[in-house]
Amino acid sequence: MTNVAVKIDIVRSSIAEAARRSGRDAEDVELLAVCKTFSAEVVHEAVEAGLRLFGENRVQEFLAKQPLLPSHLRWHLIGHLQSNKIRKVLPCVEAIQSVDSLDLARDIDRVAAEMGLFPKVYLEVNVAAEASKFGFATAMLESQLENLLALKRLEIQGLMCIPPPGRKPEDSRKYFIFLREFRDTLEKQSGATFAKLSMGMSHDYAVAVEEGATIVRVGSAIFGSR
Ligand SMILES: *Cc1c(COP(=O)(O)O)cnc(C)c1O
C-alpha cells in the first residue's frame, strides 16, 4: 500500500470507531479528502485507495487540477468564493460548502439560473465570531434565512464550520455542538431541513463525528503536512 493509502485506512477506522462510540452508523459519515497544495499525482493515490470525494479551497488551483484526474470524482469547494469566479466553478463541483454571505448566495442563484443549474450549497457559519474568518454571523444567518430560502436555484444542504484552532481536539467539541444545535434551531424556525453538517479536520474529525458530522474534511492526515 502507498503511504496515502495507509493513512486513509487509519482515518477510515478512526471515523468508524468514533461513530460506534456515539451510536452512529459510520456509513452516515462521508470522508472528503482536502487536496489543496498537493499534485494530481498524489491525489491519484487517494483515488486508487477508493476515495471519490475531494475538496479544494482555491478555484484557480482546483480548475487546474481537476482535468488531470478521473472525471467520476466528486468535488466540493470549501474556500471563500469570489462572485466573479462562480461561472467557472459551478459546472465543475458537486457542492459549494463555503457560501458565507447573502450577496454571494444571490450571485450563485443568478448564475445558476443563467446556466440551468441547481447547485448544492452549505452555509458557512462563523461559530466563534472571529473577525479573521469568513462565514455568517449566527444572528445574521437567522435574520437572512428567509431570503436565502427564497433563492429557488439553491439546494441548501446544511451547515459548515471551521472552529478556531485549539490546542487539543477536545477544544473543538463545543463548536461542533453549537453548529448542530444551531442547525436544529434554524430548522425549527424555518421548517426547512438542513441534513448535512460539514465539520472536523485532521486534528479533530473524530470529535466532530461524535457530535454529528455527516462530512469530515481531512487534508494533512491523509496527504501529509503542507
Ligand atoms: C485546509 C482545509 C481543511 C483540511 O485541513 P487539515 O487540517 O489539513 O485536515 C479543511 N477545511 C477547510 C475549509 C480547509 O481550508
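Every number for a ligand or one of its atoms is a count from 1 in the order of the listing.
- The closest approach between Arg226 and ligand 1 falls below 4.0 Å for a heavy atom of the residue.
- Protein heavy atom in closest approach to atom 5 (O) of ligand 1: Met201 CE, 3.5 Å.
- For ligand 1, the atoms lying closer than 4.0 Å to a non-hydrogen atom of Ser202 are 6 (P), 7 (O), 8 (O), 9 (O).
- Those atoms of ligand 1 that come under 4.0 Å of a heavy atom in Ser220, given as number and element, are 6 (P), 7 (O), 8 (O), 9 (O).
- Between Glu94 and Arg74 there is a salt bridge, with a side-chain nitrogen of the basic residue lying less than 4.0 Å from a carboxylate oxygen of the acidic one.
- Contacts between Ile78 and ligand 1, counted as non-hydrogen atom pairs separated by less than 4.0 Å, involve both the backbone and the side chain.
- Within ligand 1, the atoms closer than 4.0 Å to a non-hydrogen atom of Val218 are 9 (O), numbered from 1 in the order shown.
- With a heavy-atom cut-off of 4.0 Å, Lys36 touches ligand 1 through its side chain alone.
- Annotation: cation-pi pair Arg153/Phe118 present, NZ/CZ under 6.0 Å from the ring centroid and within 45° of its normal.
- For Glu114 and Arg87, the salt-bridge test passes: some basic side-chain N is under 4.0 Å from an acidic carboxylate O.
- A salt bridge is absent between Lys36 and Glu61; no separation between the charged side-chain nitrogens and carboxylate oxygens falls under 4.0 Å.
- Between the side chains of Glu124 and Gln97, no donor N or O sits under 3.5 Å from an acceptor N or O.
- Every atom of ligand 1 with a heavy atom of Ile162 under 4.0 Å away is listed here by number and element: 13 (C).
- At the shortest separation from atom 11 (N) of ligand 1 among protein heavy atoms lies Arg217 NE, 2.9 Å.
- With rounding to the nearest 0.5 angstrom, the CD atom of Gln60 is 12.5 Å from the NZ atom of Lys65.
- Counting heavy atoms of neighbouring residues, nucleotides and ligands inside a 6.0 Å radius, atom CD of Glu187 exceeds 12 of them.
- At under 3.5 Å, a nitrogen or oxygen of Gly219, whether backbone or side chain, sits near a nitrogen or oxygen of ligand 1.
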